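Below you'll find the structure, written out as structure tokens, and then a few comments.
Reminder, nothing fancy here: chain letters follow the sequence lines and each chain counts from 1. Everything quoted here is computed from the prediction, not taken from an experiment.
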2 protein chains.
Amino acid sequence: MAHVSRARQKVAVTADLVILTIREGRLCVLLVERAGEPFAGSLALPGGFLRGAESLEDAAARELAEETGIAAAKLYLEQVGVYSEPGRDPRSPRTITCAFLAVAPDLPLPVPGSDARAADWYPVTEARATRLAFDHDRILGEAIEAARDKLQFTSLATAFCGEEFTIGELREVYEVVWDVELDRPNFHRKVTDADGFVVPTGGRRPATTGRPAAVYRAGPAELLIPPMMRPSATKL
Amino acid sequence: MAHVSRARQKVAVTADLVILTIREGRLCVLLVERAGEPFAGSLALPGGFLRGAESLEDAAARELAEETGIAAAKLYLEQVGVYSEPGRDPRSPRTITCAFLAVAPDLPLPVPGSDARAADWYPVTEARATRLAFDHDRILGEAIEAARDKLQFTSLATAFCGEEFTIGELREVYEVVWDVELDRPNFHRKVTDADGFVVPTGGRRPATTGRPAAVYRAGPAELLIPPMMRPSATKL
DNA sequence: GCAATAGTGTCTCTAAGACAGTATCAC
DNA sequence: GTGATACTGTCTTAGAGACACTATTGC
């Protein structure tokens, strides 16, 4: 093997964020319009380079705060993969990125990022039909698939809701992220029976129409037992 | 923010491998004894620095071949996480590692690594009771937990077996990795019923004692439907 | 015959899905 | 009242687990 290829390279490392939320009944992702080259004018996932003495988790949380103004401590934030194909970033053949999945409740429009990029929510159907910068198409696709899987086995769905929510709002999360329709009575029983998934606050929330719904908070459980099985999974 | 902390750092990147197998009824992991500082003499996960134009997956496959002599194409190999805490490697405060989980059938003792480190299999019970180099304790623990989860929902268990195996051997994989005892009749029915998990070859394998077992090969399914539920999961 | 493993049959229990029916609101 | 949503009850079916039972080998 050639000597040069055995060298311990130093590489640039970024943390990129797939921030998902539900707005107007659609699954949306936060994208920024790139100001500079490469891919100027293209949409891209928010993210940035790893700085001084911080971990990738710190960097992801910092970027999240900069792009959305949300304190990352309040949010679900998790690694979903590392992307290291040589040449994936034309600036330098050796830039690798660690992708994070973040899930937020419906938020006010993001504040303009501190680096003056236009950030906005895009329905994932649109985002996936668009050519994103770098390999962000692939990252977005894999992060969404990870989120879909996590809904089955973890209480991730509550991260899409605010502090308090109704069973109907929680059901909408599953329906929107999985793009399916769920049986309302069965869903209600399932989530209220699952141990530690949701806990009633005692309050009720008057709806625009119909009987007011009981209000719940996220419970202590992180793993769902039994899991919420995704209907399409049985068909594959 | 101070100027220095905003700089785009270049960092060293390694790929570390958690290579699991089953030997003599115990879950084992391949560890190497470190020859040089830091942590000289300590046990560590095999791994190495990212080189020229290769991805982390390439680097992991290359290290796997060097340490075990197995072509990585034949093996299950998957990212399980990135570890980037500043200071996790005393050589340089900025060395991050991407951990890979690999699963191998019972193999001949590994060939001495090309970098002349002593590599050997260790039962994970021993490995977890030992202080490994760097943050490899944590990486090993998280990789094993990932493997345990994957047994439930994917056909990963077949990767622990050879090309051909019996249902009893497959059951031993679950029993050893999960450290539980499973009901033989129910296990047999479950795996033979699950769609595309195992396919009979038609052969039979005479055992040391008892009725000869039918021989199976891994089926095309990657996802198990229905999943194999881990008994302890319901207790948590 | 005995001991061991492989595999089948059957029962019970739990959970999922279908869906009828009741409760409570706005109008 | 209608119409909407929230919830409850009940039936059927599928899968999990317990375990009795049969099958096939070496000794």
Side-chain angles (χ1 to χ4, degrees), chain A residues 25 151-153 161 164-175 178 180-216 221 223-235, chain B residues 25 151-153 161 164-176 178 180-216 221 223-236:
Chain A
L151 281 196
Q152 292 193 108
F153 307 114
C161 301
E164 300 193 330
F165 51 87
T166 66
I167 302 296
E169 286 164 359
L170 189 62
R171 181 171 42 77
E172 195 197 1
V173 171
Y174 279 91
E175 291 185 335
W178 284 350
V180 294
E181 242 185 283
L182 299 175
D183 182 88
R184 293 173 183 218
N186 291 335
F187 182 88
H188 189 281
R189 195 183 8 250
K190 220 163 147 176
V191 297
T192 50
D193 284 358
D195 209 46
F197 189 12
V198 295
V199 291
T201 64
R204 299 207 145 250
R205 176 177 304 174
T208 56
T209 175
R211 171 178 171 178
V215 176
Y216 291 82
L223 284 178
L224 288 191
I225 297 173
M228 303 285 298
M229 292 310 280
R230 183 176 167 188
S232 54
T234 53
K235 282 186 275 180
Chain B
L151 283 196
Q152 292 192 107
F153 307 113
C161 301
E164 300 193 330
F165 52 87
T166 66
I167 301 297
E169 287 165 358
L170 189 63
R171 180 170 43 76
E172 195 197 1
V173 171
Y174 280 91
E175 291 185 334
V176 167
W178 283 350
V180 294
E181 242 185 283
L182 299 175
D183 182 88
R184 294 175 182 217
N186 290 335
F187 182 87
H188 189 280
R189 195 184 7 250
K190 219 161 147 176
V191 297
T192 51
D193 284 359
D195 208 47
F197 190 11
V198 296
V199 290
T201 65
R204 299 207 144 249
R205 175 177 304 174
T208 56
T209 176
R211 170 177 173 178
V215 175
Y216 291 81
L223 283 178
L224 288 191
I225 298 172
M228 303 284 298
M229 290 312 279
R230 182 177 169 189
S232 53
T234 53
K235 280 185 278 179
L236 288 176

Listing time: all N or O pairs from protein to nucleotides 22-27 of chain D that are below 3.5 Å?
residue, atom, partner, partner atom, Å
D/dA23, O4', B/Arg211, NH1, 3.3
D/dT24, O2, B/Arg211, N, 3.1
D/dT25, O2, B/Gly210, N, 3.3

Got a sec, which residues hit side chain to side chain donor-acceptor pair (under 3.5 Å) with A/Glu172, two or more places apart in sequence or on another chain? none
Name every donor-acceptor pair, under 3.5 Å, that has one atom in a side chain of residues 186-198 of chain B and the other anywhere in the protein, sequence neighbours excluded.
residue, atom, partner, partner atom, Å
B/Asn186, OD1, B/Arg189, NH2, 2.8
B/Asn186, ND2, B/Asp183, OD2, 3.2
B/Thr192, OG1, B/His188, O, 2.7
B/Thr192, OG1, B/Arg189, O, 3.1

Once you apply a heavy-atom cut-off of 4.0 Å, does B/Arg205 come out as touching a base, just sugar-phosphate, or nothing? nothing
DNA chain C: first to last nucleotide in contact with chain A (atom under 4.0 angstrom from a heavy atom), 5' to 3', is C/dA16 to C/dA26
Which residues satisfy the side chain to side chain donor-acceptor pair (under 3.5 Å) test with A/Arg204, sequence neighbours excluded? none
Take atom OH of A/Tyr216 and atom P of D/dA6, then tell me their distance rounded to the nearest Å. 11 Å
Go through the steps to decide whether B/Trp178 and B/Gln152 satisfy the test side-chain contact (heavy atoms from CB on, under 4.5 Å), and finish with yes or no. CA-CA 10 Å; B/Trp178 283 350; B/Gln152 292 192 107; 3.5 Å; yes
Here the distance between atom C1' of D/dA16 and atom CE of A/Met229, to the nearest Å, is 14 Å
Separation of atom CZ in A/Arg171 from atom P in D/dT5, rounded to whole Å: 9 Å
For B/Thr201, what residues pass the side-chain contact (heavy atoms from CB on, under 4.5 Å) criterion, not counting sequence neighbours? B/Glu164, B/Val215, B/Arg217
Do A/Met229 and B/Pro227 come close enough that some side-chain heavy atom pair is under 4.5 Å? yes
Expressed as a whole number of angstroms, how long is the span from B/Met228:CE to D/dG17:C1'? 12 Å
Please name all residues satisfying salt bridge (charged side-chain N to carboxylate O under 4.0 Å, His left out) with B/Arg184, sequence neighbours left out, ordered by chain then number. none
Where is the tightest heavy-atom contact between B/Pro206 and B/Pro212, given as atom of each residue plus distance? CA-CB, 3.8 Å
List the residues meeting side chain to side chain donor-acceptor pair (under 3.5 Å) with B/Arg211, not counting sequence neighbours, and say none if there are none. none
Heavy atom of residues 184-197 of chain A under 4.0 Å from DNA chain D: which residues? A/Arg184, A/Pro185, A/His188, A/Arg189
